[in-house]
Amino acid sequence: MCNRQNPPVFGGDSPYLGQGRQQVSVTYRHAVSDRHYQGKKPYPELDPFGPVNTQNLVSIDWSYGLSRRWSLGVNIPLVFNSFDVYRAPAGSTARQWVGVRARGVGDVTFRAAAWLLPARESAQGNVGVSFGLKTPTGDTSAKGLIFGREIPADISIQPGDGAWAPVLSLYGFRQFERLTVYGSGAYMANARNTTGVPGFFQTLGNPNNRFPNSSTDQFLYHFGASFRTGAKWPTPLLGYRISGVPVEDLFGPSGGFRRPGTIGMVEPGLAFRIRGHTLAFTVPLLAYVNIKDSPTTTRIEDATVPGVAFILTWTAPRFR
């Protein structure tokens, strides 16, 4: 699942930051991927053997307003991930759960954002664009001991991918009397070929494996609505998010190992306003899966996906 988050625009809040004003938000996301899929179909025969992919992400986001239309920002992800499989050591049939952990700062992204239409409070909607640069600050080679051998963590839990990559985002909203509809899309175009780090399963089966992980493009699309019920009541939210990895990147080669595919999740939730603070809790539920085959291998690809995720976002009041 793509790490980048697209928080919704809540009815009643001004979407314009303002000159010299700042805002900080912190998002926590928890997901356990343990449901196997091939293509669009479940593959439950593999579920008892893992992997169980547990991801905990803390995303710290800071924005600074240059004007009502322009802003700068930075996003700092902190990852606490694990990847466990049910396997037997060589020469034995006694299976046991073994795995690798990956923790630390992920790939930091810097951005500049602008509203394309005049930023007037009287306007009922607007469209914005954001140009970002993802930096290779995250570790690409987290490892762990499995049956006495050092095995690199799976590509899905590595904190970074070792690449500089542009991130283009488009977002917008439309406000009605009590209803706000919103949408956003983000695409990270990664021109680097591979991370240079061997894959988890390939190395687990072959100590001499040198086939590396791919540095992939990623995408995340998010749209939905919020309904303002009143100052003393929570705001109901309902969204749909689509995230994934394409079969081939937009630019540059697409070598190495990747798990391309698309996941769609229905996202109900609630948002609370408390003394200028906003607390939003959403529970994305799996609705669509399409796992695609990698262009660099001949096997029919499968992957584990989460049936449910939990996302908690705290946004502080704006300050100077």
Side-chain angles (χ1 to χ4, degrees), residues 1-3 28-39 41-58 77-106 138-161 195 197-214 216 243-245 256-261 263 265 283-286 289 291 294 297 299-312:
M1 184 179 290
C2 185
N3 282 345
Y28 169 71
R29 188 187 74 200
H30 172 78
V32 177
S33 298
D34 55 3
R35 299 185 181 185
H36 278 83
Y37 276 79
Q38 273 189 349
K41 297 181 179 180
Y43 200 172
E45 299 93 325
L46 293 179
D47 289 351
F49 306 104
V52 175
N53 184 331
T54 304
Q55 298 197 5
N56 293 282
L57 169 70
V58 177
L78 307 174
V79 299
F80 307 87
N81 300 335
S82 64
F83 194 84
D84 299 285
V85 293
Y86 193 54
R87 296 291 189 273
S92 172
T93 58
R95 295 179 180 269
Q96 56 185 288
W97 283 102
V98 292
V100 178
R101 306 292 179 263
R103 298 181 177 183
V105 178
D139 186 10
T140 63
S141 57
K143 301 178 180 69
L145 287 177
I146 297 182
F147 302 134
R149 288 199 293 123
E150 195 172 58
I151 305 295
D154 188 75
I155 183 175
S156 62
I157 69 167
Q158 292 284 4
D161 62 14
T195 68
V197 177
F200 173 85
F201 282 108
Q202 297 90 336
T203 307
L204 189 63
N206 176 14
N208 299 315
N209 170 62
R210 294 295 180 267
F211 189 59
N213 291 321
S214 181
T216 68
S243 61
V245 171
F257 172 75
R258 68 174 61 197
R259 291 190 189 91
I263 298 175
M265 305 189 85
V283 184
L285 305 170
L286 186 65
V289 180
I291 305 301
S294 171
T297 60
R299 72 185 296 270
I300 299 176
E301 196 60 62
D302 62 78
T304 54
V305 299
V308 61
F310 302 94
I311 300 177
L312 181 65

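A quick note: this is a predicted structure, and the numbers were derived from the prediction, not measured. Numbering starts at 1 and runs along the sequence shown.
Atom CG in L204 sits 5.5 Å away from atom CD1 in I151 (nearest 0.5 Å). Note that the CD1 atom of I311 and the CE atom of M265 stand 8.0 Å from one another [nearest 0.5 Å]. Interatomic distance, CG of N206 versus CZ of F211, reported as 12.5 Å (0.5 Å rounding).
Side-chain contact between F200 and N213 is absent, with no heavy-atom pair separated by less than 4.5 Å. In this structure, the side chains of V289 and R35 stay at 4.5 Å or more apart for every pair of heavy atoms. Using a 4.5 Å heavy-atom cutoff, the side chains of V58 and P77 are not in contact. When side chains are defined from C-beta on, T304 does not count as touching Y37, because their heavy atoms never get closer than 4.5 Å. Side-chain atoms of I155 and F257, non-hydrogen and from C-beta on, do get closer than 4.5 Å to each other. Using a 4.5 Å heavy-atom threshold, the side chains of V98 and V85 count as touching. Here the side chains of F83 and V52 are not in contact, with every heavy-atom distance at 4.5 Å or above. At least one side-chain heavy atom of Q96 sits under 4.5 Å from a side-chain heavy atom of P89.
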Exercise for the section: Test V79 against Q158 for side chain to side chain contact (heavy atoms under 4.5 Å, CB included), laying out the working first. Expected result: CA-CA 9 Å; V79 299; Q158 292 284 4; over 6 Å; no
Exercise for the section: Evaluate the criterion side chain to side chain contact (heavy atoms under 4.5 Å, CB included) for residue pair F80 and T54; output intermediate values, then yes/no. Expected result: CA-CA 8 Å; F80 307 87; T54 304; over 6 Å; no
Exercise for the section: List the steps and the verdict of side chain to side chain contact (heavy atoms under 4.5 Å, CB included) for N56 and Y28. Expected result: CA-CA 7 Å; N56 293 282; Y28 169 71; 2.5 Å; yes
Exercise for the section: Applying side chain to side chain contact (heavy atoms under 4.5 Å, CB included), run through V105 and L78 and close with a yes or a no. Expected result: CA-CA 5 Å; V105 178; L78 307 174; 3.7 Å; yes
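For the residue pair P306 and S33, the shortest heavy atom distance occurs at CD-OG, 3.2 Å. When all heavy atoms of I146 and G99 are compared, the closest pair comes out as CG1-O, 4.0 Å. Across every non-hydrogen atom of H36 and P51, the tightest pair is NE2-CD, 3.6 Å. Here the shortest heavy-atom pairing between A88 and T93 reads CB-C, 3.9 Å. Across all their heavy atoms, I157 and V100 have their closest contact at CD1-O, 3.8 Å. Taking both residues in full, the closest heavy atoms of P48 and W97 are given as O-CZ2, 3.9 Å, listed atom of the first, atom of the second, then distance.
A 6.0 Å sphere centred on CD1 of I300 holds no more than 12 heavy atoms belonging to other residues, nucleotides or ligands.
Residue pairs meeting the side-chain hydrogen bond (donor to acceptor under 3.5 Å, both in side chains) criterion with at least one member in residues 138-152, sequence neighbours excluded: D139-S141. Within the structure, every pair that satisfies the side-chain hydrogen bond (donor to acceptor under 3.5 Å, both in side chains) test and touches residues 79-89, not counting sequence neighbours, is listed here: D84-R101.
Proximity of a side-chain donor or acceptor of Q55 to a complementary backbone N or O of S156 within less than 3.5 Å is detected. A donor-acceptor pair under 3.5 Å is formed between the side chain of T203 and the backbone N or O of G199.
Among R259, Q38, K41, the one residue that satisfies the side chain to side chain contact (heavy atoms under 4.5 Å, CB included) test with D302 is Q38.
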